[in-house]
*Asks:* 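First the structure, then my questions, so here it is.
As the structure lists them, so they are numbered: ligands from 1, and atoms in each ligand from 1. All values derive from a computational prediction rather than experimental measurement. Residue indices begin at 1 and follow the sequence shown.
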Amino acid sequence: MRRPFIAGNWKMNLDRAAVVELAKALAEKAASFADVEIAVFPPSVYIDAVREAAAGTPLGYGAQNFYHEANGAFTGEISAAMLLDLGCDYVILGHSERRHILGETDADVNKKVHAALAAGLVPIVCVGELLSEREAGQTNEVIRAQFDGSLAGLSAEQMTGVVIAYEPVWAIGTGRVATPEQAEEVHRELRKLLTDRYNGHVAESVRIQYGGSVKASNAAELLAKENVDGALVGGASLKADEFLGIVAAAHR
Ligand code: PGA
């Protein structure tokens with residue numbers, strides 16, 4: 001059984017006071033949903049504030065990105081060791097905003113995936129097609145290329161430590177959610193890729209989250225799909241009640 005995993009990507013939002021308030025509200029409730037893995041991804045400068053709020057509770061947390069080098073002259077970047085130092089368990093990699101706004105390539109993401117696993121961080125690796133690619137019938141092709149490029153060179157054992165997030169770019173922050181059938185179709189394709197490139201055990205173990213305009217009101221139907229193992233939530237993760245509503249939808 002794959003444990004459902006609900007992650008909140010706070011992106012470049014909130015201030016310190018709002019982070020503390022939100023993290024406390026979630027930390028308080030996290031223990032009531034013991035069968036659901038719950039983590040939040042604040043802006044890096046506020047990770048320490050989340051650490052304090054989450055202390056002694058099952059609320060997990062991580063970073064939205066990091067740089068693959070161990071240390072040195074990389075102005076503006078932070079390392080995996082620094083994230084571990086702050087108690088992070090996870091890092092989001094290859095989010096579509098990093099790919100499409102900040103120019104990250106599959107090769108960049110791949111270096112980060114290897115560095116994250118070497119450090120003991122769980123990477124959430126995002127893949128997803130643009131609207132134009134979907135309309136041109138290229139969705140599976142795009143997903144396969146991102147999968148192969150971002151996850152190149154991982155052993156089967158390493159792969160079981162990765163979480164994949166399918167995030168169709170046209171559904172991110174647009175209010176336009178993929179239908180449960182559209183999500184399931186791509187998740188099934190990703191599961192098949194895991195079988196083809198690795199093996200059946202890996203395919204059964206790896207969790208695949210859906211992301212893109214997930215809200216409390218649409219989470220249950222998405223999470224009901226066989227291959228949807230959780231959600232990566234942006235906008236709706238900024239409000240405690242809304243995010244907890246999504247967590248509740250994953251709770252069996
Ligand atoms: P959204 O963002 O929920 O605001 O659409 C999802 C994401 O970018 O992870």
*Asks:* Can you tell me the protein heavy atom closest to atom 9 (O) of ligand 1 and the distance?
*Replies:*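 Protein heavy atom at minimum distance: Glu167 OE2, 2.7 Å.
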*Asks:* Within a distance under 4.0 Å of any heavy atom of Ala171, pick out the atoms of ligand 1 and give their elements.
*Replies:*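 Ligand 1 atoms under the 4.0 Å threshold to Ala171: 5 (O).
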*Asks:* Are Arg144 and Glu189 ion-paired here, with the side-chain N under 4.0 Å from a carboxylate O?
*Replies:*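 Yes, charged N to carboxylate O under 4.0 Å.
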*Asks:* Cut-off 3.5 Å, side chains only: do Asp106 and Gln146 have a donor facing an acceptor?
*Replies:*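 Result is no, nothing qualifies.
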*Asks:* Pick, from Ser96, Gly8, Gly234, Gly128, the option with the minimum heavy-atom distance to atom 3 (O) of ligand 1.
*Replies:*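 Looking at heavy atoms only, the winner is Gly234.
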*Asks:* Using a strict cut-off of 4.0 Å, indicate which atoms of ligand 1 neighbour a heavy atom of Ser213.
*Replies:*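 Numbered from 1, ligand 1 contributes 1 (P), 3 (O), 5 (O).
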*Asks:* Which option, Gly235, Gly173, Ala236, Pro168, owns the non-hydrogen atom nearest atom 5 (O) of ligand 1?
*Replies:*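 Answer by nearest heavy atom: Gly173.
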*Asks:* Applying salt bridge (Lys or Arg N to Asp or Glu O under 4.0 Å) as the test, list every pair that has at least one member in residues 70-97; sequence neighbours left out.
*Replies:*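 Output for this query lists Lys11-Glu97.
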*Asks:* Should His95 be counted as touching ligand 1, given the test is an N or O pair under 3.5 Å?
*Replies:*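 Yes, at least one N or O pair falls under 3.5 Å.
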*Asks:* Could you grab the distance from atom CZ of Arg188 to atom CD1 of Ile208, nearest 0.5 Å is fine?
*Replies:*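 Going from the CZ atom of Arg188 to the CD1 atom of Ile208 covers 11.0 Å.
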*Asks:* Nearest 0.5 angstrom please: Ile47 CD1 to Ile78 CD1, how far?
*Replies:*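 Between atom CD1 of Ile47 and atom CD1 of Ile78 there are 5.5 Å.
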*Asks:* Examine ligand 1 and decide if any of its atoms is less than 4.0 Å from a heavy atom belonging to Lys11.
*Replies:*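 It does; at least one heavy atom falls under 4.0 Å.
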*Asks:* Regarding Tyr166 and Glu129, do their side chains bring together a donor and an acceptor under 3.5 Å, going by distance alone?
*Replies:*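 There is such a pair between these side chains.
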